[in-house]
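Side-chain atoms are counted along with the backbone in the values below, which use heavy atoms only and exclude waters and symmetry mates.
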2 protein chains.
Amino acid sequence: MATRTRNTERLSRERIVEAAVELLDTTGEDGLTFRALSAHLRTGPGAIYWHVANKGELLDAATDAVLTRGMTGEAATGTPQEVIRAIALVLFDAIDEHPWVGAQLSDGPWRSVTLQICERIGQQIQRLGVPGAEQFMAASAVMLYILGAARQNAANARMNPPGADRAAILATQAAAWEGLDPEGFPFLRHVAGQMREHDDREQFVAGLDLILVGITGLA
Amino acid sequence: MATRTRNTERLSRERIVEAAVELLDTTGEDGLTFRALSAHLRTGPGAIYWHVANKGELLDAATDAVLTRGMTGEAATGTPQEVIRAIALVLFDAIDEHPWVGAQLSDGPWRSVTLQICERIGQQIQRLGVPGAEQFMAASAVMLYILGAARQNAANARMNPPGADRAAILATQAAAWEGLDPEGFPFLRHVAGQMREHDDREQFVAGLDLILVGITGLA
DNA sequence: ACCTGAACACCGTTCAAGT
DNA sequence: ACCTGAACACCGTTCAAGT
């Protein structure tokens, strides 16, 4: 019985995408390489191209897989505001857990999953009684905020070493702002202290609520 | 008199960054290469490394240059809402004109230019009479929306061929939505027609105004 | 101090050859 | 039909050598 160094399990688009997600999660965006991926799948780099057209498509598929996984829980119920908040948090958490999704999201905004998200949000906008002419605008604003803010948060998280002490980072940040020139930066100096008890996720929802207040005013 | 193929003008960080911006604008993100850049500057790839640490720093510097250029006009005056709108539009237009800036913005969010933007917005939040405990939250929400939405818009613009017919693109988009399953996508089908007279820039401001309504409610 | 350009280690992608 | 892995064209970055 020879040592098995060869691939026994068949290759498939699903296995490839799954491995890609794993690689992206563990080694970051730069870690996803056709060589690393094929090694992980015990095959050659060329084999992947039989199932996936190129790296862009692979990244799209990985993004889609993660977001779909997140969005397929049972739909939230409650007031329109509550449903929108729930959708927003699902996306926030998905992007927070898989930061590379954020960078990818900009490229294909109106496809598959994003389309469903847009639809769900739009339905809640309608439930709020927003007049027809302003429904599209309101839904767009919510989408832009959610995706933009979630991505920004992920980018922030990616900047500091993984598993770093959050409190320490915030304290450093706060100290930096407190050290700013009081003439040029009165506002930042004034709010610097609030950095210390800052919670990204809470802040994200609070911002969303501001938009929802504005939307409610349209009804 | 021999043909001058060599560099006569001295290299400098400014000239390099300027050339990088030019290359990014004309050939896109993939067009910025140390080889292409050094050819453009009539020198070797290694020469650039004397003035710039690496490609990341070069992209940061290019982003900074473009945003600073945009933000250094005379400060807008008027109501807090008007000033915030003016700042937002300056950023929107800068990112619209240099789409690569959008992709870059996520990486270094609290440095130099971004810090100034945050400060200016915060000052307007204070003028609106928002209580201290909520000033930071309100300013963050505005920042997140502006940067996120502007970036998303740039990504959209980057997707279709440069100089393409806007009306045709919107019509195609609208037609696609009108072709959706009316059972699964009632909202998108309902608003599909609005795509045809859709204006990104107007929509961007309208969304911002929703947040401003919410913020005004805090005062 | 500043520039040169060959060289290194890597990458995405292709493709003749195998099964 | 599907997989293999060497090869191609490219990239960021380094560095001994020049001025």
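- Rounding to whole angstrom units, CD1 of residue Ile16(A) and C1' of dC2(D) are separated by 11 Å.
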Expected string for nucleotides 14-19 of chain C under the B/S/- scheme (protein heavy atoms, under 4.0 Å, primed atoms plus P, OP1, OP2 as sugar-phosphate) is BB----

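- Within residues 25-37 of chain A, the residues that have a heavy atom under 4.0 Å from DNA chain C are, in order of number, Leu32(A), Thr33(A), Phe34(A), Arg35(A).
- In this entry the distance linking NZ of Lys55(B) with C1' of dC11(C) reads 13 Å, nearest Å.
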Just list the side-chain donor-acceptor pairs under 3.5 Å for residues 185-197 of chain A, sequence neighbours left out, or say none.
{"from": "Arg189(A)", "atom 1": "NH1", "to": "Glu178(A)", "atom 2": "O", "distance (Å)": "3.3"}
{"from": "Arg189(A)", "atom 1": "NH1", "to": "Leu180(A)", "atom 2": "O", "distance (Å)": "3.4"}
{"from": "His190(A)", "atom 1": "ND1", "to": "Gln135(B)", "atom 2": "OE1", "distance (Å)": "3.4"}
{"from": "Gln194(A)", "atom 1": "NE2", "to": "Gly132(B)", "atom 2": "O", "distance (Å)": "2.8"}
{"from": "Arg196(A)", "atom 1": "NH1", "to": "Glu178(A)", "atom 2": "OE2", "distance (Å)": "3.3"}

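- Within the structure, salt bridge (Lys or Arg N to Asp or Glu O under 4.0 Å) contacts touching residues 19-35 of chain A (residues at least two apart or in different chains) are Glu29(A)-Arg158(A).
- Residue Trp50(A) places at least one side-chain N or O closer than 4.0 Å to OP1 or OP2 of dC2(D).
- In this view, His198(A) and Phe136(B) satisfy the ring-ring contact (aromatic ring centres under 6.0 Å, His included) rule, not counting sequence neighbours.
- Base pairing in DNA chain C yields stems of at least 3 consecutive Watson-Crick or G-U pairs, both distances under 3.5 Å, namely C:4-8 with D:12-16, C:12-16 with D:4-8.
- Atom CG of Asn54(A) is separated from atom C1' of dG12(C) by 9 Å (rounded to the nearest Å).
- A salt bridge does not link Asp64(B) to Arg69(B): none of the charged side-chain nitrogens sits closer than 4.0 Å to a carboxylate oxygen.
- Between the CG atom of Leu59(B) and the C1' atom of dC11(D) there is a distance of 14 Å, given to the nearest Å.
- Atom pair Leu23(B):CG and dC11(D):P shows a separation of 11 Å (rounding to whole Å applied).
- By the ring-ring contact (aromatic ring centres under 6.0 Å, His included) test, Phe92(B) is found to be paired with Phe204(B), residues two or more places apart in sequence or in another chain being considered.
- Residues satisfying the side chain to side chain contact (heavy atoms under 4.5 Å, CB included) test with Glu82(B), not counting sequence neighbours, are Thr79(B), Arg85(B).
- Contacts of Glu57(A) classified as side-chain hydrogen bond (donor to acceptor under 3.5 Å, both in side chains), with partners at least two apart in sequence or in another chain: Arg13(A).
- Listed for the Lys55(A) side chain is no donor-acceptor partner under 3.5 Å among the backbone atoms of Thr33(A).
- For Asp199(B), there are no side-chain hydrogen bond (donor to acceptor under 3.5 Å, both in side chains) partners at least two apart in sequence or on another chain.
- Residues meeting the side-chain hydrogen bond (donor to acceptor under 3.5 Å, both in side chains) test with Gln123(B), sequence neighbours left out: Glu119(B).
- Between Leu58(A) atom CG and dT13(C) atom C1' there is a gap of 13 Å when expressed in whole angstrom units.
- To the nearest angstrom, P of dG12(C) lies 10 Å from CD1 of Ile48(A).
- Taking the side-chain hydrogen bond (donor to acceptor under 3.5 Å, both in side chains) definition, one finds that Asn54(B) meets it with nothing, sequence neighbours left out.
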